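Structure first, commentary second.
The structure displayed is predicted, hence computed values, not measured ones. Order of appearance sets the numbers: ligands from 1, and atoms from 1 within every ligand.
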Amino acid sequence: MTGQQVIDGAKREGRNVLTEIEAKELLKQAEISVVDTKLATSREEALSISQQLGFPVVLKVASPDVVHKSDAGAVKLDLRTARQVGKAYDDILKAVKKQYPEAKIHGVSVQKMARPGVEVIIGMSKDPQFGPVIMFGLGGILVEILKDVSFRIVPLARRDAREMIQEIKGYPLLEGYRGQEPVDVANLEEIILKVSSFVEQHPEVEELDLNPIFAYSDGAVAVDARVILGES
Ligand code: ADP
Ligand code: MG
């Protein structure tokens with residue numbers, strides 16, 4: 001499926017929220033590194049995909065109606081056996097059906113458990129005056145509580161990408177704090193620039209969130225993605 005087909009498919013169903021799987025498909029085509037993620041529509045399929053990807057894996061609900069998956073008990077990390085995968089599959093569906101009885105469930109996404117890295121986020125939202133604006137920040141509580149983020153208006157030049165990374169207060173964490181390995185900041189710049197071009201090429205995308213991206217000393221990978229389409 002091309003990126004446009006993913007977008008058109010959602011629109012045909014009258015949806016403006018893409019699932020994590022659809023969002024990752026779209027971003028993968030824009031050459032943004034995402035964790036390989038597949039849809040399972042049965043317990044057996046979840047298991048065979050897990051075996052194909054290799055353990056440990058992560059299971060999450062695939063539903064356009066569940067935006068905060070972990071709050072709904074719909075993210076199960078670090079599953080190491082067939083038994084754990086089967087149980088996670090059942091538990092996710094049970095939790096979601098209980099909390100969101102109206103939710104349309106596509107199935108369960110199966111992906112590899114990514115190795116730990118420094119969690120960062122890259123987002124895009126549209127400002128009524130400036131149009132698309134890209135946000136960068138450190139993931140987790142640093143974003144939620146401290147709002148340690150930076151913004152630039154699309155289109156970004158490499159220098160903008162570099163500056164917006166360097167100006168967050170948490171930047172020392174990326175440089176290798178207390179003996180930790182420094183993060184591949186050039187690769188993060190690259191991702192920011194790719195997101196900027198992606199946004200320019202897809203004006204129908206209203207909001208985008210790569211939250212989190214795991215940043216490593218060599219590269220980075222987005223483990224969660226959210227895309228919201230505009231009315232147009
Ligand atoms: P949501 O943001 O909808 O609650 P996420 O997909 O972001 O759900 O998952 C919640 C957390 O689980 C992430 O912030 C990340 O720390 C962890 N996580 C998610 N997917 C993976 C993965 N493939 N590998 C490792 N950790 C993951
Ligand atoms: Mg997330």
Side-chain angles (χ1 to χ4, degrees), residues 15-28 32-40 46-47 49-81 84-85 88-89 91-100 103-125 135-149 170 173-174 180 183 188 191 195 207-228:
R15 279 193 282 131
N16 66 345
V17 178
L18 301 188
T19 63
E20 178 200 7
I21 295 185
E22 292 167 330
K24 282 179 171 171
E25 184 59 43
L26 206 57
L27 294 161
K28 190 173 150 189
I32 293 165
S33 160
V34 296
V35 169
D36 201 13
T37 303
K38 295 194 159 70
L39 180 70
L47 192 53
I49 296 170
S50 301
Q51 279 157 346
Q52 193 187 314
L53 294 174
F55 293 100
V57 294
V58 173
L59 264 59
K60 305 177 190 176
V61 71
S63 165
D65 300 319
V66 183
V67 176
H68 299 292
K69 298 178 291 295
S70 33
D71 293 349
V75 176
K76 303 287 179 192
L77 301 172
D78 202 20
L79 307 169
R80 294 170 174 273
T81 63
Q84 288 177 352
V85 168
Y89 186 92
D91 288 350
I92 286 171
L93 293 186
K94 208 159 103 190
V96 172
K97 282 176 184 161
K98 190 172 170 202
Q99 287 179 69
Y100 300 92
K104 184 166 175 5
I105 300 173
H106 292 183
V108 168
S109 81
V110 183
Q111 57 201 265
K112 265 196 88 76
M113 176 81 187
R115 67 191 155 102
V118 178
E119 293 196 18
V120 304
I121 74 173
I122 295 173
M124 184 281 292
S125 57
M135 183 198 73
F136 174 80
L138 289 173
I141 54 163
L142 287 164
V143 155
E144 281 160 29
I145 299 171
L146 303 177
K147 309 262 184 290
D148 182 19
V149 293
L173 286 171
L174 299 176
Q180 295 241 327
V183 153
L188 291 179
I191 298 176
V195 170
E207 241 181 272
L208 170 77
D209 261 305
L210 300 175
N211 182 9
I213 295 170
F214 285 8
Y216 304 117
S217 57
D218 55 338
V221 66
V223 303
D224 186 26
R226 197 164 69 100
V227 167
I228 299 190

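Under a 4.0 Å criterion applied to the non-hydrogen atoms of Val67, ligand 1 contributes the atoms 3 (O). Atoms of ligand 1 lying under 4.0 Å from any heavy atom of Val75, numbered from 1 in the order shown and given with element: 8 (O), 9 (O). Listed by number with element, the atoms of ligand 1 under 4.0 angstrom from any heavy atom of Asn211 are 7 (O). Of all atoms in ligand 1, listed by their number and element, those nearer than 4.0 Å to a heavy atom of Val58 are 22 (C), 23 (N), 24 (N). Within ligand 1, the atoms closer than 4.0 Å to a non-hydrogen atom of Pro212 are 7 (O), 13 (C), 14 (O), 15 (C), numbered from 1 in the order shown.
Counting only distance, with no hydrogens or angles, the side chain of Ser63 and the backbone of Lys104 share a donor-acceptor pair below 3.5 Å. Of the possible polar contacts, none joining the Asn211 side chain to the Ile121 backbone as a donor-acceptor pair under 3.5 Å is found. Between the Lys24 side chain and the Val223 main chain, a donor and an acceptor come within less than 3.5 Å of each other. Side-chain atoms of Tyr100 do not come within 3.5 Å of backbone N or O of Ala72 as any donor-acceptor pair.
The nearest heavy-atom contact from the protein to atom 16 (O) of ligand 1 is Glu119 OE2, 3.0 Å. Remark: minimum distance from atom 26 (N) of ligand 1 to any protein heavy atom is reached at Phe214 CZ, 3.5 Å. Protein heavy atom at the shortest distance from atom 19 (C) of ligand 1 is Lys60 NZ, 3.4 Å. For atom 7 (O) of ligand 1, the closest non-hydrogen atom on the protein side is Asp224 OD2, 2.9 Å. Of all protein heavy atoms, the one lying nearest to atom 10 (C) of ligand 1 is Ser70 OG, 3.8 Å. For atom 24 (N) of ligand 1, the nearest non-hydrogen atom of the protein is Ala114 N, 2.8 Å. The shortest contact between atom 17 (C) of ligand 1 and any protein heavy atom is with Leu77 CD2, 3.7 Å.
A side chain to side chain contact (heavy atoms under 4.5 Å, CB included) with Tyr89 is found for one member of Val85, Ile92, Leu93 and no other, namely Leu93. Just one residue in the list Val35, Thr37, Val110 forms a side chain to side chain contact (heavy atoms under 4.5 Å, CB included) with Leu53, and that residue is Val110.
Ligand 1 is approached by Lys112 to a heavy-atom distance shorter than 4.0 Å. For Thr37, the heavy-atom gap to ligand 1 stays at 4.0 angstrom or more. Between Val66 and ligand 1 there is no heavy-atom distance shorter than 4.0 Å.
For the Mg ion (ligand 2), the N/O/S atoms of Ser70 include none lying under 2.8 Å.
Heavy-atom neighbours of Gln180 CD from other residues, nucleotides or ligands within 6.0 Å: at or below the threshold of 12. The number of heavy atoms from other shown groups lying within 6.0 Å of NZ (Lys112) is above 12.
The minimum distance between the Mg ion (ligand 2) and any N, O or S atom of Asp224 involves atom OD2.
One finds the CZ atom of Arg226 at 12.5 Å from the CG atom of Leu27 (value rounded to the nearest 0.5 Å).
A donor atom on one side chain and an acceptor atom on the other are not found under 3.5 Å apart for Gln84 and Lys76.
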Worksheet entry | Worked check of side chain to side chain contact (heavy atoms under 4.5 Å, CB included) between Asp36 and Lys38 | CA-CA 7 Å; Asp36 201 13; Lys38 295 194 159 70; 3.6 Å; yes
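With a 4.0 Å heavy-atom cut-off, ligand 1 is reached by the side chain of Gln111 but not by its N, CA, C or O.
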